[in-house]
Amino acid sequence: MITKARNLLLGVLLVYFVSCAESAGSRNSKDWDYIVYTQHWPATVCLQWKAEGKGHSCALPKESTWTVHGLWPSKTNGKGPFFCNSSLPFDEEALSPIVNELEDLWINIDVPTSPYSFWRHEWEKHGTCAAALPAFDKEVKYFQQGLTWLKKYNMYTALDMEGYPEGKPLSAKQIREAIKKHFGKVPSVHCYKDGSTGKSYIFEIRICFDRNLSQIDCPKPMSSNCPNEPVEYPSMQAVGKLFEVKGKWLLDLLRIVRWIQWITY
């Protein structure tokens with residue numbers, strides 16, 4: 001009898017703590033101050049991915065463009081939140097109206113991983129937290145906003161117009177000044193350093209928005225990891241000659257497999 005009572009009590013306590021944890025998770029989904037909108041340079045993403053493992057190849061965009069990495073709810077003095085709401089699972093079908101645009105502008109460069117694995121990660125880790133705002137309360141709205149911002153805040157166009165075309169080395173300071181001049185607010189710039197060669201490459205440019213989706217200066221805690229000297233801004237064409245053909249073949253194969261899975265489900 002004592003054992004049964006103890007087990008019952010433990011069960012009740014477990015339900016209580018799980019309920020509290022879920023409630024805390026729900027509150028955490030609203031516990032953020034601004035959104036970090038991140039674009040990355042596909043050529044650098046490709047170089048990093050290739051350096052991380054044998055058999056890695058790349059699927060690059062059809063044209064030279066920076067592409068979306070994600071929209072990340074963030075705290076001014078801290079990180080996150082992350083993985084806020086498990087009741088909002090990733091749904092591939094929800095993206096069907098915009099999947100062609102995503103494949104071009106929010107592309108999963110890392111072949112042979114599935115395109116959907118990248119989008120799933122971004123939605124589950126960041127989108128479920130952004131969903132605290134009505135503007136992002138549906139999966140398709142979250143991804144559509146990323147595409148909309150890419151067209152309005154195109155880093156490739158901004159850098160090119162400020163005299164920094166791809167293939168030309170430049171410093172993080174030059175990038176920050178160019179983006180601030182073009183879009184009016186201070187961005188955050190991040191680099192990738194190849195451990196085997198010691199070369200640094202421009203990797204990401206991040207701009208920030210408040211909860212009303214108005215652009216703001218990125219907070220000072222978002223420090224850059226770039227060196228003081230100029231870094232490489234690798235040409236998409238040069239990197240594409242090395243990896244794009246193989247990447248496209250593997251990406252097409254993944255799409256065929258995905259289609260077969262869909263029609264046989």
Side-chain angles (χ1 to χ4, degrees), residues 34-46 48-49 58-74 90 94-110 115-123 125-127 129-131 133 135-136 138-162 164-166 175-176 178-192 201-218 222 233-236 239-240 244 251:
Y34 65 100
I35 293 175
V36 178
Y37 176 59
T38 305
Q39 296 179 34
H40 52 199
W41 181 235
T44 301
V45 178
C46 180
Q48 182 188 47
W49 176 243
C58 308
L60 297 176
K62 298 173 184 177
E63 300 178 355
S64 290
T65 181
W66 287 68
T67 56
V68 184
H69 186 171
L71 290 71
W72 306 336
S74 304
F90 178 75
L95 299 182
S96 57
I98 59 173
V99 69
N100 290 335
E101 280 191 282
L102 291 173
E103 289 176 345
D104 289 335
L105 302 176
W106 200 322
I107 185 172
N108 183 9
I109 296 160
D110 301 347
Y116 286 94
S117 64
F118 180 31
W119 304 331
R120 177 187 297 277
H121 172 77
E122 291 302 311
W123 171 252
K125 184 175 182 179
H126 304 288
C129 303
L133 294 184
F136 303 118
K138 292 184 179 179
E139 184 180 315
V140 70
K141 292 164 71 174
Y142 173 79
F143 285 94
Q144 181 61 67
Q145 187 63 63
L147 297 173
T148 299
W149 276 342
L150 184 69
K151 295 169 185 176
K152 184 175 181 179
Y153 303 98
N154 189 294
M155 299 303 161
Y156 184 86
T157 301
L159 291 175
D160 192 56
M161 291 182 67
E162 297 301 328
Y164 301 115
E166 59 179 304
I175 298 170
R176 281 194 297 270
I179 298 306
K180 181 181 179 181
K181 179 181 177 182
H182 203 79
F183 296 125
K185 299 296 180 181
V186 177
S188 180
V189 180
H190 295 259
C191 295
Y192 157 67
Y201 301 84
I202 177 62
F203 182 55
E204 291 183 342
I205 299 177
R206 304 173 182 176
I207 57 177
C208 300
F209 297 84
D210 63 21
R211 292 176 68 100
N212 294 317
L213 307 190
S214 296
Q215 192 187 4
I216 59 174
D217 290 335
C218 286
M222 290 184 60
Y233 183 16
S235 162
M236 192 84 76
V239 173
E244 188 174 16
L251 184 62

**OP:** Quick one: do Trp72 and Tyr37 satisfy ring-ring contact (aromatic ring centres under 6.0 Å, His included)? Show the steps, please.
**Re:** CA-CA 6 Å; Trp72 306 336; Tyr37 176 59; 9.5 Å; no
**OP:** Verify side chain to side chain contact (heavy atoms under 4.5 Å, CB included) between Glu162 and His182, making sure each step is shown before the conclusion.
**Re:** CA-CA 8 Å; Glu162 297 301 328; His182 203 79; 3.4 Å; yes
Subject >> Derivation and outcome, side chain to side chain contact (heavy atoms under 4.5 Å, CB included), residues Leu95 and Phe90 >> reply: CA-CA 10 Å; Leu95 299 182; Phe90 178 75; 3.8 Å; yes
**OP:** I would like to know whether Tyr116 and Val99 meet side chain to side chain contact (heavy atoms under 4.5 Å, CB included); could you show each step before the answer?
**Re:** CA-CA 10 Å; Tyr116 286 94; Val99 69; 3.7 Å; yes
**OP:** Please assess Trp123 against Tyr142 for the test ring-ring contact (aromatic ring centres under 6.0 Å, His included), listing each intermediate value before the final yes or no.
**Re:** CA-CA 8 Å; Trp123 171 252; Tyr142 173 79; 5.6 Å; yes
**OP:** Carefully, step by step, assess Cys46 and Leu60 under the rule side chain to side chain contact (heavy atoms under 4.5 Å, CB included).
**Re:** CA-CA 8 Å; Cys46 180; Leu60 297 176; 4.0 Å; yes
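Closest approach of Pro61 and Thr65 over heavy atoms only: CB-CG2, 4.1 Å. In this structure, Arg211 and Leu133 approach most closely via the heavy-atom pair O-CD1, 3.5 Å. Closest approach of Ala130 to Phe136, counting heavy atoms only: O-CB, 3.4 Å. Taking every heavy atom of both residues into account, Gly146 and Leu71 meet most closely at CA-CD1, 3.7 Å. In terms of heavy-atom proximity, Ala43 sits nearest to Ser235 at CB-O, 4.3 Å. Taking all atoms of both residues into account, the shortest heavy-atom contact from His40 to Phe118 is CE1-CZ, 4.4 Å.
For the pair Ile207/Met155, a side-chain contact is recorded, criterion being any heavy-atom separation below 4.5 Å from C-beta on. Looking at heavy atoms from C-beta onward, Pro187 lies out of side-chain contact with Arg206 at the 4.5 angstrom threshold. Here the side chains of Gln145 and Leu213 are in contact, with some heavy-atom distance below 4.5 Å. The shortest side-chain heavy-atom distance between Phe209 and Tyr153 falls under the 4.5 Å cut-off. Side-chain contact between Cys218 and Val36: absent, with no pair of heavy atoms (C-beta onward) separated by less than 4.5 Å. Under the 4.5 Å side-chain criterion, counting only non-hydrogen atoms from C-beta, Ile202 is not in contact with Tyr192. For the pair Lys185 and Cys208, the minimum side-chain heavy-atom distance is 4.5 Å or more. Proximity of Ile107 to Leu102: side-chain heavy atoms (C-beta onward) are nowhere separated by under 4.5 Å.
To the nearest 0.5 angstrom, Gln215 atom CD is 12.5 Å from Ile35 atom CD1. Rounding to the nearest 0.5 angstrom, the gap separating the CG atom in Asn154 from the CH2 atom in Trp149 is 15.5 Å. Rounding to the nearest 0.5 angstrom, the gap separating the CD1 atom in Ile109 from the CH2 atom in Trp49 is 11.0 Å. Separating the CD atom in Glu139 from the CD atom in Gln144 is a distance of 12.5 Å, to the nearest 0.5 Å. To the nearest 0.5 angstrom, Thr44 atom OG1 is 14.0 Å from His190 atom NE2. The distance from the SG atom of Cys191 to the CD1 atom of Ile175 is 6.0 Å, given to the nearest 0.5 Å.
Put simply, the side chain of Asp217 gets close to the backbone of Val186: a donor and an acceptor are under 3.5 Å apart. Between the side chain of Ser214 and the backbone N or O of Asp210 there is no donor-acceptor pair closer than 3.5 Å.
For residues 143-152, the salt bridge (Lys or Arg N to Asp or Glu O under 4.0 Å) pairs, not counting sequence neighbours, are Glu101-Lys151.
In this structure, a donor-acceptor pair under 3.5 Å is absent between the side chains of Thr67 and His69.
Open room surrounds NZ on Lys138; 12 or fewer heavy atoms of other groups in view lie less than 6.0 Å from it. Remark: Lys180 NZ is loosely packed, at most 12 non-hydrogen atoms of other residues, nucleotides or ligands lying under 6.0 Å away.
Checked against the 6.0 Å centroid criterion, the rings of Tyr233 and Trp41 qualify as a close aromatic pair.
Classified by interplanar angle (parallel below 30°, tilted 30° to 60°, perpendicular above 60°), the ring pair Trp106/Phe143 is tilted.
With sequence neighbours excluded, the residues that form a side-chain hydrogen bond (donor to acceptor under 3.5 Å, both in side chains) with Tyr156 are Glu166.
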